[in-house]
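Data block below; observations after.
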Amino acid sequence: MQFGASTWLWTSPFTSDQTALLETIARMGFDFVELPVEDPAHIDAARLRPVLKDLGLEAVICTAVVGERDLSTQDPQTLARAMDYFSACLALAEGLGSQVLAGPLYAPVGKPRLASEALRRGEWERSASNLNRLAGIAAERGVKLGLEPLNRFETDMICTVSDARRMLADVNHPHLGIALDSFHMNIEEVDFCAAVKQAGEQLVHVQVSDSHRGVPGEGNSDWAGLREGLAAVGYDGKVSIESFSPDASSLAEAVCIWRRFASSQDEFARKGLEFLRRWAAPV
Ligand code: LER
């Protein structure tokens, strides 16, 4: 497994000129950096590629699915803008060698409502059909989409691996897989190991933080179950620490991060990586 950190731990938005942060992440010993795309204009792949290469860091591109970036929308203009955004993210993924574009691609973070069955069915069907189109673009770019289930406070559409698998079945495209985030799993799944096994070969990316979205290893998540599940499905891909700084994140509000989990964000990342290396080491 390779370990990475999301720039959301420190900053928002990430822009190509923040090379000092990339140096910090490389110096800490991470294998890759997860780059959230808040605005595709912020990230210049041609400029970043040599920087990442010099630092020995791979990149994973992650989406910032907020506001009107909504593939379940009924409004053609909103949909066109959302498709433009996701297509630009896919171009960045190709440009930076990211094999995956991860995130809750089906609907924006922070859209949970008590909606009627009919409304939910319509949104699901539109998301499925638009994800199929997006997966076609991903295929042309040589990238796989990683559909991330979110917890119930952030979405009413895909909260569990079961939901994600239903969506995968409806979309029916080989370039759509599942990205799991241990924080959301801890709220929604009954059994970490079983949930990972259920994702099986569809699993294309993993994000971690602990049960309180704090430093991995400092909460009550079932880390042993997660390791067992990943081993059972033969996952030897990327595992990234994703949390948010309350000081600097467009997502901090949407995901309700109001407090600090370490004396500094560097400390958060350092302790998290230390834990993950011990966690992954053969026993
Ligand atoms: C939001 O809670 C989340 O987990 C992110 O991965 C959003 O992209």
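All values derive from a computational prediction rather than experimental measurement. For ligands, and for the atoms within them, numbers begin at 1 and follow the listed sequence.
A donor-acceptor pair under 3.5 Å links the side-chain atoms of Arg120 to the main chain of Asp156, judged by distance alone.
Contact annotation for Pro104 and ligand 1: only side-chain heavy atoms (C-beta onward) come within less than 4.0 Å of the ligand.
Clustering ILVMFWY residues whenever any of their side-chain heavy atoms sit less than 4.5 angstrom apart, transitively, puts Val206 in the very cluster that holds Val196.
A cation-pi arrangement, defined by a distance under 6.0 Å to the six-membered ring centre and an angle within 45 degrees of its axis, is present between Arg166 and Trp124.
Of all protein heavy atoms, the one closest to atom 8 (O) of ligand 1 is Thr63 O, 3.4 Å.
Taking the centre of each ring, Phe261 and His212 come in below the 6.0 Å mark.
Side-chain atoms of Leu168 and Gln202, non-hydrogen and from C-beta on, do get closer than 4.5 Å to each other.
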Q: For Leu52 and Val33, run side-chain contact (heavy atoms from CB on, under 4.5 Å): C-alpha distance rounded to whole Å, both residues' side-chain angles, the deciding distance at 0.1 Å, then the answer.
A: CA-CA 9 Å; Leu52 291 168; Val33 60; 3.9 Å; yes
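Heavy-atom contacts of Glu148 reach the following atoms of ligand 1: 3 (C), 4 (O), 5 (C), 6 (O) (cutoff under 4.0 Å). Distances below 4.0 Å separate heavy atoms of Glu242 from the following atoms of ligand 1: 3 (C), 4 (O), 5 (C), 6 (O). The distance from ligand 1 to the heavy atoms of Glu154 drops below 4.0 Å at these ligand atoms: 1 (C), 2 (O).
Checking Gln207, Glu34, His205, Arg213 against atom 3 (C) of ligand 1, the nearest heavy atom belongs to Arg213.
The N/O atoms of Trp8, backbone and side chain alike, include none that comes under 3.5 Å of an N/O atom in ligand 1.
Contact analysis leaves Val65 out of contact with ligand 1, as no non-hydrogen atom separation drops below 4.0 angstrom.
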